[in-house]
There are 2 protein chains.
Amino acid sequence: MTSPRPRRSPAPQERQRNPERTRQRILEAAAVEFAEHGFAGARTRAIASRAGVNQQLVSYYFGGKEGLYRAMSEQWAQRRDELSPPGSSLPEQLRGYAMETLRNPDGVRMFAWSGLQWTGPDDDPDRDTRTQMLGSGVAHLRALQEAGRLPAELDPVCLEIILMAACMATTTLPHVIEGLVGADPRSPEFVEHYANQVALLARHIGLDD
Amino acid sequence: MTSPRPRRSPAPQERQRNPERTRQRILEAAAVEFAEHGFAGARTRAIASRAGVNQQLVSYYFGGKEGLYRAMSEQWAQRRDELSPPGSSLPEQLRGYAMETLRNPDGVRMFAWSGLQWTGPDDDPDRDTRTQMLGSGVAHLRALQEAGRLPAELDPVCLEIILMAACMATTTLPHVIEGLVGADPRSPEFVEHYANQVALLARHIGLDD
DNA sequence: GGCGTTGTCAATCAGATGATTACTTGACTG
DNA sequence: CAGTCAAGTAATCATCTGATTGACAACGCC
């Protein structure tokens with residue numbers, strides 16, 4: 001069986017047709033715009049323009065703005081799923097999550113938007129994969145608790161939520177940070193410092209392995 | 001001196017003029033809509049309709065959508081400033097902040113939106129009052145630290161940010177919560193439980209007085 | 001009671017926005 | 001090489017959105 005797209009000449013011109021690449025470009029542009037402005041604030045024209053394609057292609061490939069948003073959400077969910085959590089110990093892992101603001105600012109922002117835009121369990125395509133992923137984290141905490149490393153009266157679910165909110169703070173509370181530290185809350189310096197502090201606190205709670 | 005508004009018949013009809021009441025109604029309706037949909041998602045028509053007044057009055061009193069948003073932000077900043085922090089000990093205070101989701105869901109939501117919509121120190125009318133308020137919290141933490149109740153290597157500013165993010169989680173991460181606990185994340189039962197857990201964690205860190 | 005001021009409204013506008021239509025271009029097939 | 005279908009585009013549309021206009025009715029003042 002030969003390759004599905006022979007493409008005699010590898011890439012003589014960039015003007016060739018390439019539906020998959022076009023699709024992908026739209027998805028990438030959509031991620032940037034949605035991450036920056038949220039669903040209501042994003043503009044289909046801006047997405048098409050950023051992708052360098054005609055606006056109609058958004059309808060052609062995704063059936064409109066809403067379909068594009070859904071498709072992009074699913075792609076990001078999948079991508080996040082593939083991403084193996086960095087770090088070995090739990091504090092190191094949390095440090096990694098807090099650093100995600102630098103590696104993948106759009107993804108974190110998208111996630112933050114989705115929380116405020118959330119209206120209910122339905123129309124949340126990401127729900128199941130996300131829950132499964134977080135559930136494993138909760139299981140980890142619960143195991144730590146049963147091993148006596150964590151106070152019995154602490155609810156592992158709530159702790160997971162607290163830690164998650166903490167890791168996202170550089171994205172969700174930039175105005176607070178700017179006011180308190182007087183510097184750009186997204187600067188690598190501060191994000192790294194903050195991530196270290198999150199890890200430190202986690203250790204102080206007793207989340208070391 | 002007599003009353004400024006004599007109003008011969010006390011309230012024969014509600015159709016009487018009352019600019020101040022109208023202004024206030026618009027502001028209240030704006031708070032609800034902006035809290036629900038954010039700035040980009042809120043509709044001037046919906047605000048006017050909710051306030052039960054003509055849409056034009058938004059321009060008449062506030063000079064348009066943006067002016068209304070600013071005015072409402074300032075009003076809420078002021079209202080929050082008046083609101084004395086409940087609770088005596090720091091964990092109790094944090095518990096109170098986490099419970100704010102029930103007492104004042106719109107206020108918390110507005111604050112969460114403002115973080116994602118934030119573009120820079122400018123165009124942030126709330127900045128100074130907010131920073132001042134948070135600064136006092138940081139000072140409190142720093143005092144605790146200097147008294148040896150808190151590890152020296154912890155940055156009080158980062159700790160404050162972490163705690164704040166944790167207190168807002170029932171608003172910022174409803175999708176996560178729904179997935180993990182399978183219940184309405186805004187239900188009084190869960191919010192109270194979560195607030196207790198935040199306070200518990202604070203105690204466990206050593207933030208007791 | 002007359003009169004200017006001010007609060008309120010209905011009607012409407014210009015621009016933006018997401019979607020649709022009809023057309024062109026390119027690639028594969030027999 | 002004709003034919004067919006997929007990929008892409010330009011032009012246009014209907015609707016929505018925030019803002020403006022002009023009328024007018026309630027109020028304060030004399």
Side-chain angles (χ1 to χ4, degrees), chain A residues 1-30 33-34 36-72 117, chain B residues 1-30 33-34 36-72 117:
Chain A
M1 191 200 289
T2 64
S3 165
R5 249 188 281 104
R7 191 93 53 88
R8 285 152 299 189
S9 47
Q13 282 207 17
E14 273 304 316
R15 276 278 156 241
Q16 286 181 346
R17 291 189 169 193
N18 191 337
E20 204 41 54
R21 188 192 54 183
T22 301
R23 242 186 87 98
Q24 202 51 41
R25 279 188 180 168
I26 295 176
L27 281 170
E28 282 165 21
E33 290 289 325
F34 283 132
E36 182 148 6
H37 304 110
F39 179 79
R43 301 290 165 231
T44 309
R45 274 175 164 76
I47 293 172
S49 165
R50 178 182 291 272
V53 304
N54 191 282
Q55 181 185 180
Q56 197 274 344
L57 292 186
V58 171
S59 291
Y60 182 72
Y61 282 113
F62 305 99
K65 186 184 184 184
E66 207 149 345
L68 173 57
Y69 184 77
R70 232 188 309 275
M72 187 217 47
Q117 290 163 357
Chain B
M1 190 200 291
T2 64
S3 166
R5 249 190 280 104
R7 191 92 54 86
R8 283 152 303 188
S9 45
Q13 284 205 16
E14 273 305 318
R15 279 279 155 242
Q16 288 181 346
R17 290 189 170 189
N18 191 338
E20 204 41 54
R21 188 190 55 180
T22 301
R23 241 185 88 98
Q24 202 51 41
R25 279 187 180 170
I26 295 176
L27 281 170
E28 281 166 20
E33 291 289 324
F34 283 132
E36 183 148 6
H37 304 110
F39 180 79
R43 301 292 165 227
T44 310
R45 274 176 165 75
I47 294 172
S49 165
R50 177 181 290 272
V53 303
N54 192 282
Q55 181 184 181
Q56 195 273 344
L57 293 186
V58 170
S59 290
Y60 183 72
Y61 282 112
F62 305 100
K65 187 184 184 182
E66 208 149 344
L68 173 58
Y69 184 77
R70 232 188 310 274
M72 187 218 46
Q117 291 163 356

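What you see is a predicted model, and the numbers here were worked out from it, not measured in a lab. Sequence lines set the chain letters: A, B, ... in the order given, protein chains first and strands last, and positions in each chain run from 1.
Residues passing the ring pair (Phe, Tyr, Trp, His ring centres under 6.0 Å) test with B:Phe39, sequence neighbours excluded: B:Phe34, B:Tyr69. When the side-chain contact (heavy atoms from CB on, under 4.5 Å) test is applied to B:Ala51, the partners found at least two apart in sequence or on another chain are B:Arg25, B:Ile26, B:Ala29, B:Val53.
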Provide a list of protein-nucleic acid N or O atom pairs under 3.5 angstrom, restricted to nucleotides 11-13 of chain D.
none

Grab the N/O contacts between the protein and nucleotides 23-25 of chain D below 3.5 Å, and write none if there aren't any.
{"from": "D:dA25", "atom 1": "N3", "to": "B:Arg17", "atom 2": "NH2", "distance (Å)": "2.6"}

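Within the 4.0 angstrom heavy-atom criterion, no nucleotide atom of any strand lies near B:Val58. Backbone-only engagement by B:Thr44 is indicated by non-hydrogen atom pairs under 4.0 Å involving sugar-phosphate atoms exclusively. Backbone-only engagement by B:Ala42 is indicated by non-hydrogen atom pairs under 4.0 Å involving sugar-phosphate atoms exclusively. Heavy atoms of A:Ala40 sit nowhere under 4.0 angstrom from any nucleic acid atom.
In terms of heavy atoms, B:Gly41 sits closest to A:Ala40 at CA-CB, 3.6 Å. For B:Gln55 against B:Ala48, the heavy-atom pair with the smallest separation is CA-CB, 3.4 Å. Counting all heavy atoms, side chain and backbone alike, B:Val58 lies closest to B:Lys65 at CG1-N, 4.4 Å.
Here D:dA19 presents its P atom at 14 Å from CG of B:Leu57, a figure rounded to the nearest Å. Straight-line distance from the CG atom of B:Asn18 to the P atom of C:dT6: 17 Å, rounded to whole Å. Atom CZ of B:Arg43 and atom P of C:dA16 are 15 Å apart (whole Å). Here D:dT17 presents its C1' atom at 12 Å from CD1 of B:Ile47, a figure rounded to the nearest Å. If you take CD1 of B:Ile26 and P of D:dG18, they are 14 Å apart, rounded to a whole angstrom. The nearest whole Å value for the distance from the CZ atom in B:Arg23 to the C1' atom in C:dT8 is 16 Å.
From B:Met72, atom CE reaches atom CD of B:Glu33 across 11.5 Å, with rounding to the nearest 0.5 Å. Distance check: A:Arg50 CZ to A:Glu28 CD gives 11.0 Å after rounding to the nearest 0.5 Å. For the atom pair A:Leu27 CG and A:Ile47 CD1, the distance stands at 10.0 Å (nearest 0.5 Å). Summarising the geometry, atom CD belonging to B:Gln117 is positioned 10.5 Å from atom NE2 belonging to A:His37; distances are rounded to the nearest 0.5 Å.
The ring-ring contact (aromatic ring centres under 6.0 Å, His included) pairs that include a residue from residues 47-67 of chain B number zero, where partners must be two or more places apart or lie in different chains.
Taking a 4.0 Å limit (strictly below) on heavy-atom distances, residues 60-69 of chain B reaches DNA chain C at B:Tyr60, B:Tyr61.
By the 6.0 Å contact criterion, CD on A:Glu66 is open, its count of non-hydrogen atoms from other residues, nucleotides or ligands being 12 or less.
Contact between the side-chain N/O atoms of A:Thr22 and the OP1/OP2 oxygens of D:dG8 is found at a separation under 4.0 Å.
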